[in-house]
*Asks:* 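Got a structure for you, questions after.
Heads up: numbering here begins at 1 and tracks the sequence.
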Amino acid sequence: MIKASPLTDKTKEQFYKLFEDYYKELDCADDTAHLLDEYILPDLLAGLISIDILHDGNAYVGFVIYQIDDITNDWNLKEGCGDIREIYIAPEARKKGYGKFLLYAAELKLFESGAKSVYCLPYESAVPFFVHCGYSDSQEYNEDLDCFIYDKELSLHKCSCEGK
C-alpha cells in the first residue's frame, strides 16, 4: 500500500537521502545538506511550504514539495495559486503510478487550502508527466529557471490524470 504523509522528524533522514538522489539526477552541484538545513526545512517549519514523503509499504520512494504562493514567501510567482515546487520518485519506483498519486495528493491538499489552480516549472524531461496529469503550457516563460510555466485548474471532483 502506498501512503503520502507529511514530513516528520521520523522521516527526515529518508527525505534527505531522496533529496540528495534527486539533485544528483538533475546534475546539480549545490550542497544539498546546506540547502535543506538553511532553506527548505526552515521554510517548512515556518509554514511557507509543505513536504509529503511517499512510502510504498517497503521503503520511502518519493517526495513532493508544494505551497500556496503568498507575498510572505520569497518564492511567490502567482499569488494565491498552488505551486508544485519539486516532485521526485526514485528510479526503481517509477512507472507504477506513484508520481501521479503523490501529485494528486498535493493538489488535493492545495485545493482544500483554497487554491483554485496550480502550476509548476518542470525540467524538460518532466513535461510529459505533467501534461499527462492535466497541466498545460501557459505560454508564460520564467527567465530565472529558463523554462515555461505549466498550470492546471483544480477541482475536488477531478482526478489529476483523468481522461489521460
*Asks:* Run the side chain to side chain contact (heavy atoms under 4.5 Å, CB included) test against K96 and tell me which residues pass, sequence neighbours left out.
*Replies:*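 Testing K96 for side chain to side chain contact (heavy atoms under 4.5 Å, CB included), a comparison that skips the adjacent residues, returns Y98.
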*Asks:* In chain order, what residues pass the side chain to side chain contact (heavy atoms under 4.5 Å, CB included) check against A105, with sequence neighbours excluded?
*Replies:*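 A105: side chain to side chain contact (heavy atoms under 4.5 Å, CB included) contacts with A4.
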*Asks:* Identify the heavy atoms of I68 and G114 that sit nearest to each other, and give their distance.
*Replies:*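 Here I68 and G114 meet closest at CD1-N, 4.4 Å.
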*Asks:* Measuring from E20:CD to D31:CG, what's the distance to the nearest 0.5 Å?
*Replies:*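 One gets 9.5 Å once the value is rounded to the nearest 0.5 Å.
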*Asks:* Locate the shortest heavy-atom distance separating C133 from L103; write the atom from each residue and the value.
*Replies:*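 Smallest heavy-atom distance, with atoms named: CB-CD2, 3.7 Å.
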*Asks:* Is it possible for you to say whether I53 and I65 belong to one hydrophobic cluster, with membership spreading through side-chain heavy-atom contacts below 4.5 Å?
*Replies:*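 Same cluster.
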*Asks:* Can you tell me how far CG of L26 sits from SG of C28, rounded to the nearest 0.5 angstrom?
*Replies:*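 Here the rounded value is 5.0 Å.
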*Asks:* Side-chain heavy atoms nearer than 4.5 Å, only ILVMFWY residues, links allowed to pass through others: does that put Y23 and V61 together?
*Replies:*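 As far as the 4.5 Å side-chain criterion goes, V61 and Y23 are not connected within one cluster.
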*Asks:* Between D69 (side chain only) and E79 (backbone N and O only), is there a donor and an acceptor less than 3.5 Å apart?
*Replies:*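 Between the backbone of E79 and the side chain of D69 there is no qualifying donor-acceptor contact (under 3.5 Å).
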*Asks:* Taking the basic N atoms (NZ, or NE/NH1/NH2) and the acidic carboxylate oxygens, is any pair closer than 4.0 Å for R94 and E25?
*Replies:*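 Answer for the salt bridge query: yes.
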*Asks:* Please tabulate, one pair per line, all N/O donor-acceptor pairs under 3.5 Å involving side-chain atoms of residues 81-88, not counting sequence neighbours.
*Replies:*
from	atom 1	to	atom 2	distance (Å)
D83	OD2	W75	NE1	2.7
D83	OD2	Y119	OH	3.2
R85	NH1	Q67	OE1	2.8
E86	OE1	Y22	OH	2.2

*Asks:* Establish whether I49 and L7 are linked, either directly or via other cluster members, by ILVMFWY side-chain heavy-atom contacts under 4.5 Å.
*Replies:*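 Looking at the clustering, L7 is in the same group as I49.
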*Asks:* Please report the interatomic distance CD1(I2) to CG(N58), rounded to the nearest 0.5 Å.
*Replies:*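 It comes to 12.0 Å.
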*Asks:* Cluster question for you: counting only ILVMFWY and a side-chain heavy-atom cut-off of under 4.5 Å, with indirect links fine, are Y123 and L35 together?
*Replies:*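 Yes, because Y123 and L35 connect within a single hydrophobic cluster, where side-chain heavy atoms sit under 4.5 Å apart.
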*Asks:* Apply side chain to side chain contact (heavy atoms under 4.5 Å, CB included) to E38 and list each qualifying residue two or more places apart in sequence or on a separate chain.
*Replies:*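 E38: side chain to side chain contact (heavy atoms under 4.5 Å, CB included) contacts with H34.
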*Asks:* Does K17 pair with E13 as a salt bridge, N-O distance under 4.0 Å?
*Replies:*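 E13 and K17: not salt-bridged.
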*Asks:* OG of S155 to CG of L108: how many Å apart, nearest 0.5 Å?
*Replies:*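 If we round to the nearest 0.5 Å, S155:OG and L108:CG are 10.5 Å apart.
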*Asks:* Please work out whether the ring planes of F15 and F63 are parallel, tilted or perpendicular, with thresholds of 30° and 60°.
*Replies:*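 Perpendicular: the ring planes of F15 and F63 meet at over 60°.
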*Asks:* Take Y66 and I51 through the test side-chain contact (heavy atoms from CB on, under 4.5 Å) and record every step on the way to the result.
*Replies:* CA-CA 7 Å; Y66 57 99; I51 300 173; over 6 Å; no
*Asks:* Go through the structure and list residues passing side chain to side chain donor-acceptor pair (under 3.5 Å) with D137, not counting sequence neighbours.
*Replies:*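 Side chain to side chain donor-acceptor pair (under 3.5 Å) list for D137, sorted by chain: Q139.
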*Asks:* NZ of K3 to CE of M1: how many Å apart, nearest 0.5 Å?
*Replies:*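 Result: 6.5 Å between the selected atoms.
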*Asks:* Got a sec: does the CD of E124 have more than 12 other heavy atoms crowding it under 6.0 Å?
*Replies:*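 12 or below, so no.
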*Asks:* Step through the shown structure and confirm whether more than 12 heavy atoms of other residues, nucleotides or ligands are within 6.0 Å of CG on L45.
*Replies:*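 Correct, the count exceeds 12.
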*Asks:* Mind listing the closest non-hydrogen atom pair of Y60 and L18 along with its distance?
*Replies:*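 It is O-CD2, 3.9 Å.
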*Asks:* Among the clusters formed by ILVMFWY side chains lying less than 4.5 Å apart, do L102 and Y135 turn up in the same one?
*Replies:*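 Yes, L102 connects to Y135 through the hydrophobic network.
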*Asks:* Kindly write out the residues that satisfy side chain to side chain contact (heavy atoms under 4.5 Å, CB included) with S138, not counting sequence neighbours, or none if the list is empty.
*Replies:*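 Expected list: E140, I149, D151.
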